[in-house]
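Below you'll find the structure, written out as structure tokens, and then a few comments.
Order of the sequence lines fixes the chain letters, A, B, ..., with proteins taken first and strands second; residue numbering starts at 1 for each chain.
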Amino acid sequence: MTASKDTASDISKTLMVIDGHSMAYRAFFALPAENFQTATGQHTNAVYGFLSMLLAMIREQKPTHVAVAFDLDTPTFRSERYSEYKAGRDKTPEEFSGQIDLIKKVMDALQIPSIEVDGYEADDIVATMSTNAAAAGWDARIVSGDRDTFQLINDNVTVLYPMRGVSELPPFDADTIVERYGVTPAQYPELAALVGESADNLPGVPGVGPGFAARWLKKYGSLKGVLDHIDEIGGKKGDALREHLDAVKRNRELNALVTTLELPLSLEEAVLVSPDRNKVSELFDALEFNTIRDRVFTTFDQHLGGAEESEPDVDMPETALIDNLDDWQAFLVGVNEPISVYFHINPPATITRRKIPAPGDYGEIHALGFSTSDATAVIDIDQASAELGLTVAAFLADERYTKVVYDLKTALKALATAPSHSVLPAQRDVNTSIIGVADDVLLSAYILQPDRRGYELADLVQTYLNARLNTVPTSQNQGQLVLEGVNDDNAAQLAQYARNAWMIHQLNDIMGSTLEERGSVELLHDLEIPLSVVLAKIELIGIAIDRQRLDNLLAGFTSEVDKAQESAYASIGGDQVNLASPKQLQIVLFETLDMPKTRKTKTGFSTDADSLADLLEKTDHPFLHNLMAYRDATKLRQTVQGLLDSIADDERVHTRFSQTAAATGRLSSLNPNLQNIPVRTPAGRQIRDIFVAGTNPCVDEPTTLLTADYSQIEMRIMAHMSEDDGLIQAYKDGEDLHRFVGSQVFDVEPDEVTTSMRDKVKAMSYGLAYGLSSFGLSRQLRISVDEARELMSSYFDRFGAVQRYLRNVVRQARKDGYTQTMLGRRRYLPDLQSDNRQLREMAERAALNAPIQGSAADLIKKAMLGVQERLEADGLKSRMILQVHDELILEVIDTEIETAEQILVEEMSAAANLLVPLDVQVGKGYSWHEAAH
DNA sequence: CATAGTACGTA
DNA sequence: CGTACGTACTATGG
């Protein structure tokens, strides 16, 4: 701590005193006990909830002193005064017992005193401490779920009272009490005495609630005032008061908190210090607390560390502006560490960019920033000589120089399509243009945190380096750049690029070691980085479009839209509502036509396809039919229009695969999204007919599209991971899986499984991997919840290993804080610990699904590497052009069809060695539609 | 002009 | 009250 901080804290100390029992009890009911159990069966939900509450309070309230008060089991003066005190309470749940002792142990490890006083309750300790603190001129914060503590509130004392579980503890000051109860804090126990407190088994005056009690207290100033004028109070309530006078007096006596206890420690002894790390670690091991451990340490570190721990801005070396070969050589000489390279590309390839670049435009490299650990440099490509350009290109292609980059794929594409005026010559072959890449910090960040929203360099710097990327360069590093012929603006820009390279260097340092700790280095080096090269190729190649067919489709869908729109208007008397506006539709459906209400949305009632189908069943109104036709047609039209708009000059569509978008490890496709091209309906499938085999620039020979997809990849992964004998055997025998499962679940012979049985089982099997509930299953299959539950239980009876696996996935994730795929790809799910049920259950379903979906993603990524490598090693001209999660699409030279087919099947099947075979289905045809089998 | 909300296509 | 995405549209707030 710095000296200045000490002086400041001398005059403002804050004591936080917690009613341990009351808060533990609240925490116990806020978090489900069954989710917090150690291997030995000890429940820990109250401990966990209490601890996370404590951390939040330390963060928010920043107390200098903390103590926790506990009740003892021994009689108190209250129970001796009134034998019924706190009688009739529900028995403490078994899962709660023992957790108080654990909390005391945790407090001990955190070096926070636990205080107990024989004959008194925790409340009295709280009262005494807060009173003492206030007397000493400190601030006091009481954390308690007991409203009796409200009487302690004054200018120096605030009560933090739990509202929702233990996640929200709004501060109650005198104003809050007046606002909520209409009395002052001092009057509050008097009000409570009149009303009674059922939790303490203290009945008050029957028929008198807080409203009347407050009115009386206001009128007569205090309870004494009320009692002095007791005869003036009329009505039934007045009679009741006179009748229950003794109870009121007793209540007031009992709810008065003792503020004059002899405590076993002084206020100063409650000073907050660093936890005993060894004790904490040991204890948390036993409690199986893994995710909260870091939170404990960082919370205390940040809270106690103050300014001295905040990261200083990264001290960047001076930047050399390189514009000749000698400078370049000087920069490189003696370097034997990775060199980070920042590619300044226009337009920037950021996903968030509003303006979508023209189809086929991959940007141009205008400048390059470089950094080692002790030097930075920048080259203005637009000003560089052809000679320097060639040298830099050679450097990038020289594997002896290890490189660290940000967004390799984008750089490869820009380099591959460099314009002829650039001194960096276009390097069409992305296999060789940039090699020796040890790290792409974009991909590293994705592996470390796959559910981040943004991965822009500035975001990563913010997260990992605690420094700002876009600050103006310091005069120090800019000074070097103010050279003749370089204006200030440009110099600042160029300095920024060097700075970016420096940041990439720093990011690599930090992320590299984290990846190593996690054992994720292989995922980066052997999967994601090589994959980004393959993706660069795929994106550059694109897929050919039959524009004629596309134009015809557009015309056809457009006329269908018009037709449906006219019919829709006609069916509601010519009212020209905007059929694309849910808001206007709600008026038509639920007001004008007065149809039955559908499920609620944030803005009214739903008009989605399911709801419309329900309404159609109930009302049979032609408008619904027309609206659905309109929706279908517009959706198809917009898909077609989107494709039309994204055709590049080569008459091909070049989607971009985002390698960092999906938290599970999947790729995503954008501009346009080719992973959601319709396939289910006949009209939709027409769109697949416009993706065709195109001409291959390397050979003037006819081509064909080849598709290969994994059949039931996720089910197979589930069979593998759960090691369920039944499922494994079914796959080994090559059975119709859903028929087999159907025969087991319904206990009939496989050939007796009806279509309806098979459909139900299929929906359930897939649903299981998503955390489907019996409610969800019942809704989807339009059966009763009981029937759905029945279905699920017979499924789990037959496939018990699946149920055990699914349970265990969530249990393990809760313990570790993350899920893991077959290749060790992690997904962190902090919400598994949330006391918000909806959030927690969402996280549980995500935990269920992530290893399955993610492992499937791992598999096909690995297969893509294998396929690409084989195609090239065998010297084939055929090219991989698309991936749709479980499907690969190749544009093959007709003479290579058989070889390519073989490569696909072999490489995709060999992507993993599972307990079940991997079935790969192949198809071929002129169009994507025809190639589907 | 950016954001939220709804809807809907895929695996 | 089933996971994972991206895009288009309307409505709204600035």
We want to know whether S669(A) and T655(A) form a side-chain donor-acceptor pair, criterion being a heavy-atom distance below 3.5 angstrom.
yes
Rounded to the Å, how far apart are L848(A) CG and dA4(C) P?
11 Å
Want to settle it: does A663(A) or R779(A) sit nearer the 5' end of DNA chain C, counting the closest nucleotide to each?
R779(A)
Pick from E930(A), E891(A), E901(A): which one makes a salt bridge (Lys or Arg N to Asp or Glu O under 4.0 Å) with K924(A)?
E901(A)
Do K413(A) and Y362(A) meet the cation-pi criteria used here (NZ or CZ under 6.0 Å from the six-membered ring centre, within 45° of the axis)?
no
H720(A) versus Y805(A): any side-chain heavy-atom pair under 4.5 Å?
no
Would you please confirm or rule out a distance under 4.0 Å between OP1 or OP2 of dT10(C) and any side-chain N or O of N578(A)?
yes
With salt bridge (Lys or Arg N to Asp or Glu O under 4.0 Å) as the test, pick out the partner of R599(A) among D608(A), D614(A), D610(A).
D608(A)
Taking CD from Q584(A) and P from dC9(C), how many angstroms apart are they, rounded to a whole number?
15 Å
Whole angstroms only, please: what is the CG-C1' distance between L806(A) and dT3(C)?
13 Å
With a 4.0 Å cut-off on heavy atoms, is G767(A) in touch with a base, just the backbone sugar-phosphate, or nothing at all?
base
Whole angstrom is fine here: how far is it from CE in M718(A) over to C1' in dT3(C)?
13 Å
Would you kindly check if the NZ (Lys) or CZ (Arg) of R452(A) is within the cone defined by 45 degrees around the ring axis of Y455(A) and under 6.0 Å from the six-membered ring centre?
yes
Sticking with atom P, work out how far dC1(C) lies from dG5(B), rounded to a whole angstrom.
15 Å
Contacts to DNA chain C from residues 810-841 of chain A, heavy-atom cutoff under 4.0 Å, which residues?
R827(A)
Summarise protein proximity over nucleotides 6-11 of chain B in one line of letters, 5' to 3': B for base, S for sugar-phosphate only, - for none, counting protein heavy atoms closer than 4.0 Å.
SSBBBB
Distance in angstrom units between K861(A) NZ and dA4(C) C1', rounded:
13 Å
The residue, S581(A) or D451(A), whose nearest nucleotide of DNA chain C is more 5′ is D451(A)
Touch check for A850(A), heavy atoms < 4.0 angstrom, all strands: base, sugar-phosphate only, or nothing?
nothing
Can you find a side chain N or O atom of R845(A) that sits less than 4.0 Å from OP1 or OP2 on dT3(C)?
yes
With both distances under 3.5 Å as the test, what is the Watson-Crick or G-U wobble partner of dA11(C)?
dT3(B)
Just to be sure I understand the rule, does S669(A) reach a base, reach only the sugar-phosphate, or reach nothing, if contact means heavy atoms closer than 4.0 Å?
sugar-phosphate
Once rounded to the nearest 0.5 Å, what's the spacing between atom CG of D797(A) and atom CD of Q744(A)?
11.0 Å
For the residue pair R827(A) and Y818(A), would you count it as a cation-pi contact if the rule is NZ or CZ under 6.0 angstrom from the ring centre and within 45 degrees of the ring axis?
no
Taking the side chain as every heavy atom from C-beta outward, state whether Y766(A) and L772(A) have any atom pair closer than 4.5 Å.
no
K583(A) side chain: which of dA11(C), dA4(C), dG2(C) is closest?
dA11(C)
